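Scroll down for the structure; my scribbles are underneath it.
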Amino acid sequence: MKLILSPAKRMRRETDFLEAGSLPLFLDKTEILRRYLAGLSLPELRRLLDCSDPIARRSFQAYHSMDLREGLTPALFAFDGIQYTYMSPGVFSYQELEYVREHLRILSGFYGLLRPFDGVVPYRLEMQARLQTDFCRNLYDFWGDSICKALAAEDRVIVNLASAEYSRTVERRLTPDMTYITCRFGRLEGGRFREKGVHVKMARGQMVRFLAETRAKTPAGLKAFDRMGYAFSEDLSSESTYVFLQDEQAAPSK
């Protein structure tokens, strides 16, 4: 069973905690993207990244100076978003780190597919960026079926904890012999199932932590998830979608 997760926009360098154990699988393709991005003017890069001027300037400098093989941070500790905060990998036990090493994979617009201890550098490039070049129509075209094939070569059971922007890279390339399960987290409001973005990100991070702590090896292990007031809903779930309902009293305040 492989768990797929989105990256985070915010990143950090952390070279003193744990060393990177490997290089990303598709580093040659990442270098193609780096060279293209380094060739853009600052205004062109800002439009592509759809970001503020300070972020664009930092990204412009980064793409001109980055070394994809030196000064690396393990991907698991490089991303600094809500779901990673709620996963709290910095306090994982050795056994939990070994669990995510085997089961967790992070999707990336820049790197394609990352294992937790693949070494990365800070970058800014979302999967849905409008990157149209002479070698691709967009990043979905650029990565093609390479991400899904790499996952399938490791395991035929995929648990989707990623956002639609990223999971699309896998969903469009699934083969009939693959089991693909999407986890959804929300509440019933007026009889309708509703998801709130921040709460969903929190739950995804907590789900990874829960699975690491319980050493779940099959999708059946997901159904016991009970963090943050969530419980598996048999009635709303299907073979391909696991729905977790949150007790309103247990919902986070932010």
Side-chain angles (χ1 to χ4, degrees), residues 1-35 37-38 55 58-127 139 143 146-147 149-151 153-155 158-159 161-162 166 169-170 201 204-217:
M1 179 174 74
K2 290 293 182 287
L3 317 172
I4 57 172
L5 193 66
S6 303
K9 288 183 181 179
R10 294 196 312 273
M11 297 186 71
R12 59 182 171 227
R13 285 188 183 275
E14 181 56 77
T15 57
D16 296 329
F17 181 52
L18 283 175
E19 292 185 358
S22 53
L23 291 174
L25 295 170
F26 302 118
L27 205 57
D28 288 346
K29 289 175 72 70
T30 299
E31 178 59 27
I32 292 172
L33 291 176
R34 188 207 65 78
R35 287 198 300 267
L37 293 166
I55 291 175
R58 287 197 297 271
S59 298
F60 184 81
Q61 293 169 355
Y63 282 123
H64 281 82
S65 62
M66 68 172 52
D67 186 331
L68 298 177
R69 292 173 171 79
E70 298 291 338
L72 307 178
T73 300
L76 184 65
F77 305 102
F79 295 108
D80 193 24
I82 292 172
Q83 56 197 347
Y84 293 88
T85 297
Y86 276 75
M87 188 198 312
S88 302
V91 294
F92 273 168
S93 67
Y94 173 80
Q95 291 79 10
E96 289 157 1
L97 288 173
E98 285 303 301
Y99 179 90
V100 293
R101 183 195 300 273
E102 180 179 352
H103 294 281
L104 181 64
R105 299 294 179 263
I106 301 168
L107 307 179
S108 165
F110 189 53
Y111 286 101
L113 185 69
L114 291 166
R115 297 161 297 195
F117 291 92
D118 284 348
V120 301
V121 295
Y123 70 90
R124 179 85 170 206
L125 186 66
E126 295 181 59
M127 189 66 78
L139 284 170
W143 290 110
S146 56
I147 295 173
K149 279 187 172 181
L151 286 168
E154 292 190 292
D155 206 303
I158 309 297
V159 174
L161 294 170
Y166 287 92
T169 63
V170 177
K201 290 179 180 179
R204 287 168 175 161
Q206 281 281 290
M207 176 62 90
V208 175
R209 167 161 282 282
F210 171 80
L211 297 174
E213 290 176 353
T214 58
R215 317 287 197 274
K217 299 293 179 66

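Note that the structure is predicted; figures quoted are calculated from it, not measured. FYI, side chains are in, hydrogens and waters are out, and symmetry mates aren't considered; it's all heavy atoms of this structure.
- Counting heavy-atom neighbours within 6.0 Å of Lys201 NZ, excluding the residue itself, gives a total of 12 or less.
- Between Pro7 and Tyr166 there is a side-chain heavy-atom pair separated by less than 4.5 Å.
- With values rounded to the nearest 0.5 angstrom, Leu72 atom CG is found 14.0 Å from Phe117 atom CZ.
- The shortest heavy-atom contact between Val121 and Gly71 is CG1-O, 4.4 Å.
- Using a 4.5 Å heavy-atom cutoff, the side chains of Arg209 and Val91 are in contact.
- A search for side-chain contact (heavy atoms from CB on, under 4.5 Å) contacts involving Lys217 returns His103, not counting sequence neighbours.
- Looking only at distances, a side-chain donor or acceptor of Tyr99 sits under 3.5 Å from a matching main-chain atom of Ala216.
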task: Show your reasoning for whether side chain to side chain contact (heavy atoms under 4.5 Å, CB included) applies to Phe110 and Arg34.
output: CA-CA 8 Å; Phe110 189 53; Arg34 188 207 65 78; 4.0 Å; yes
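- The heavy-atom pair separating Ser108 from Met127 by the smallest distance is O-CE, 3.4 Å.
- No donor-acceptor pair closer than 3.5 Å links the side chain of Arg115 to the backbone N or O of Glu102.
- With sequence neighbours left out, the salt bridge (charged side-chain N to carboxylate O under 4.0 Å, His left out) criterion links Arg101 to Glu98.
- Leu68 places a side-chain heavy atom less than 4.5 Å from the side chain of Glu31.
- Taking CD1 of Ile106 as the start and CG of Leu76 as the end, the distance is 6.0 Å to the nearest 0.5 Å.
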message: Between Leu211 and Val159, is the side chain to side chain contact (heavy atoms under 4.5 Å, CB included) condition met? List the steps.
response: CA-CA 11 Å; Leu211 297 174; Val159 174; 5.6 Å; no
- prompt: So Leu113 and Lys149, side chain to side chain contact (heavy atoms under 4.5 Å, CB included) or not? Walk me through it.
  reply: CA-CA 11 Å; Leu113 185 69; Lys149 279 187 172 181; over 6 Å; no
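- Rounded to the nearest 0.5 angstrom, His64 NE2 and Leu37 CG are separated by 10.0 Å.
- Minimum heavy-atom separation, Pro24 to Asp118: CA-OD2, 3.5 Å.
- Scanning all heavy atoms of the two residues, the minimum distance from Ala150 to Leu25 falls at CB-CD1, 4.4 Å.
- The closest side-chain heavy-atom distance from Arg105 to Pro116 is below 4.5 Å.
- Counting only heavy atoms from C-beta outward, the side chains of Phe26 and Leu33 never approach each other to under 4.5 Å.
- At a threshold of 4.5 Å between non-hydrogen side-chain atoms, the residues Met11 and Val120 count as touching.
- When all heavy atoms are compared, the tightest approach of Gly119 to Ala20 is CA-CB, 3.5 Å.
- Looking at heavy atoms from C-beta onward, Leu107 lies out of side-chain contact with Trp143 at the 4.5 angstrom threshold.
- Between the CE atom of Met87 and the CD atom of Glu96 there is a distance of 12.0 Å, given to the nearest 0.5 Å.
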field: Derivation of the side chain to side chain contact (heavy atoms under 4.5 Å, CB included) call for Thr73 and Arg12
entry: CA-CA 8 Å; Thr73 300; Arg12 59 182 171 227; 5.7 Å; no
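- Taking CE from Met1 and CG from Leu104, the interatomic distance works out to 10.5 Å, rounded to the nearest 0.5 Å.
- Taking the ring centroids of Tyr123 and Tyr111, they lie under the 6.0 Å cut-off.
- Between Phe77 and Phe92, the ring centre distance reaches or exceeds 6.0 Å.
- In plain terms, the two heavy atoms of Ser59 and Arg124 that are nearest each other are OG-CB, 3.4 Å.
- How far CD1 of Ile32 is from CG of Leu27: 10.5 Å, rounded to the nearest 0.5 Å.
- Distance alone, capped at 3.5 Å, is enough to place a donor-acceptor pair between the Gln83 side chain and the Ser6 backbone.
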